[in-house]
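What follows is a set of notes on a single structure, which appears directly below.
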Amino acid sequence: MTLYERLAEEIALLIRRGVLRPGERIPSVRATCRNRSMSPATVTHAYGLLEDRGLISTRPRSGYYVNAQLHAFPPEPEVTRPSRRSVAVDVNELVFEILEATRDRRLVPLGSPFPSPLLFPLAKLGRLLAAAGRRFDPWLTVESLPLGSNELRRQIARRYLESDVIISAEDIVITTGALEALNLCLQVVTRPGDLVAVESPAFYGALQAIEAMGLRAIEIPTHPREGVVLAALRAALDRHDVKACWFMTNFQNPLGSTMPEENKRELVQMLARRGVPLIEDDVYAELYLDGLRPKPAKAYDRGGIVMHCSSFAKCLAPGYRVAWTAPGRFTQAVERRKLMSSISSSIPPQLAIAAYLKSGGYERHLRNLRQAFSSQQAQMAEAIGRSFPAGTRVTRPRGGYFLWVELPKSVDALRLHRGALEEGVSVAPGPIFSAKREYMNCLRINYGHPWTGRMKDAIAILGGLIDTML
Ligand SMILES: Cc1ncc(COP(=O)(O)O)c(C=O)c1O
């Protein structure tokens, strides 16, 4: 972010939090220059940006004021209420069709599962990868089987300390993407026909894995801010023979919910008492936007029932496919599965990432990434508030890069997806996040790409299409 963008973002935050109220005067350009030691050009630029965003306007000879008619952020959705039946899952075809449609780089990528690849230190990683290749110790090709690079596992174990998780390098298995980690964990703790609890809505990758392994899913009501509703989970565990839970405790995809620490503790205790393993998908953990690093449920795990899975794909190195699992008491079983399925993951990308983590630039990169997502989230939510009809509800996640949008009931998200594609815009329609194809009037919107006029226009296009369905 440039200096003026940062200033604009800080003032936007003050407006959002009600410190600066509609109709109030904001500090003059001269006062801001003096107080913050900034040039007039920087401050004028920042104020111009806020004007473009509809947050402030000038009054001749009087200064800048917060707009009285702020487009309020739409309200948040309520807790979800999936049906209580367990079901065989049938989402694969729909997910493939929709993901295929989001890959074209000419589209405005509101439906993409990925953040912009341009926000990552790929040049530096590339240099480290080349160096790792040059210095590659031939014996590593043998030593790293099947768990992965010792050095990388040591770096990951050190990073766990920041989240109050004490594990050692031997407790970690490196995988090719978190999706492999999650799939290996699921294979280890279930047999075909078993029942797995998932959130509702759920990450479609979980639904696809359940479908592919011939399992059944029970969808648990989920709060858009606080994640899985524990009372509902307890009732489901009482009623059904659930063999595993697959949950995202932080920045759930697609809702963005994060379980409060107390709920995570209770979740782990509840599952430990019943001997039900928790596959914890924590791929967005580093992407907290409010300065508060959330802990994983793994931090409360005393008996080794939490199989924690995470990845560098979303926070550092898209395309490198370097991820891992810390599967607690199931580590040996996962290790054997990994050996059976691919022996081990490619070593040079692991060495490049280990070198990057050692080099010390990771925190700065993460700070920039979080700042970019934070400002993009605000801009996206504001644009949705301006362009989408009354009755729209939008989540305000504390992390990650997705908004979940609930539209008026008459809107058909699959039709909207097709109409938007014709206009060069992708969206992720709600039904791909449900085993029973629920959430027909919902969308997941990606704000992980730099905010541009093209994005703004895309939201206006969606607003226009939605209006035709009311
Ligand atoms: C919630 C969630 N879990 C897991 C994954 C897979 O992560 P990876 O790219 O490391 O395989 C994704 C990727 O989209 C995701 O959104």
Side-chain angles (χ1 to χ4, degrees), residues 91 95-96 98-100 102-103 109-117 119-120 122 125 148 152 156 172-187 196 198-210 212 217 222 227-228 245-259 278-288 294 296-298 307-327 334 338 341-342 345-346 349-350 353 373 395 397 399-404 426 428 430 432-434 444-449:
V91 292
V95 172
F96 285 136
I98 284 159
L99 288 188
E100 182 62 38
T102 63
R103 267 206 289 269
L110 305 183
S112 170
F114 308 112
S116 165
L119 297 172
F120 296 88
L122 291 177
L125 283 165
L152 179 62
I156 293 171
I172 294 168
V173 182
I174 302 291
T175 58
T176 303
L179 203 55
E180 186 191 34
L182 292 156
N183 273 277
L184 291 173
C185 291
L186 191 62
Q187 284 169 22
V196 179
V198 294
E199 289 129 339
S200 181
F203 168 47
Y204 50 76
L207 300 175
Q208 286 180 301
I210 289 170
T222 305
V228 162
C245 295
W246 175 325
F247 294 150
M248 297 188 67
T249 53
N250 299 316
F251 318 134
Q252 194 258 4
N253 176 3
L255 281 180
S257 56
T258 293
M259 292 181 82
L278 169 63
I279 301 170
E280 185 176 29
D281 178 354
D282 204 16
V283 293
Y284 300 110
E286 295 283 4
L287 304 180
Y288 51 91
K298 182 86 185 161
M307 310 170 87
H308 186 256
C309 301
S310 195
S311 172
F312 291 107
K314 317 292 181 199
C315 54
L316 178 64
Y320 278 51
R321 309 299 299 137
V322 177
W324 70 93
T325 173
V334 170
K338 171 71 184 164
S341 69
S342 64
S345 296
S346 172
Q350 299 178 40
I353 289 182
F373 288 164
T395 50
Y401 50 86
F402 297 122
L403 294 178
W404 179 250
S426 73
I432 65 172
F433 302 98
S434 160
R444 186 193 69 184
I445 299 275
N446 178 321
Y447 59 81
H449 292 251

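As the structure is a computational prediction, the values presented were derived from the model and not from experiment. Indexing begins at 1, ligand by ligand and atom by atom, following the structure's order.
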May I ask you to check whether Phe251 and Phe402 place their ring centres under 6.0 Å from each other?
no

Kindly indicate, with the supporting measurements, whether the criterion side chain to side chain donor-acceptor pair (under 3.5 Å) is fulfilled by Thr249 and Glu280.
CA-CA 7 Å; Thr249 53; Glu280 185 176 29; 2.6 Å; yes

Could you pull out every N or O of ligand 1 that sits under 3.5 Å from a protein N or O, with the distance for each pair?
residue  : atom   : partner : partner atom : Å
ligand 1 : 3 (N)  : Asp281  : OD1          : 3.3
ligand 1 : 3 (N)  : Asp281  : OD2          : 2.6
ligand 1 : 9 (O)  : Arg321  : NH1          : 2.8
ligand 1 : 10 (O) : Ala178  : N            : 2.7
ligand 1 : 10 (O) : Ser311  : OG           : 2.6
ligand 1 : 11 (O) : Ala178  : N            : 3.0
ligand 1 : 11 (O) : Leu179  : N            : 3.0
ligand 1 : 11 (O) : Arg321  : NH2          : 2.9
ligand 1 : 14 (O) : Lys314  : NZ           : 2.9
ligand 1 : 16 (O) : Asn253  : ND2          : 2.9
ligand 1 : 16 (O) : Tyr284  : OH           : 2.5

Side-chain donor/acceptor of His449 to backbone N/O of Phe114, under 3.5 Å:
yes

Short N-O contact, Lys338 and Glu180, less than 4.0 angstrom:
yes

Are side-chain heavy atoms of Phe433 and Asn253 found at a separation under 4.5 Å?
yes

Main chain of Met248, side chain of Glu199: is a donor-acceptor contact present, judged purely on distance under 3.5 Å?
yes

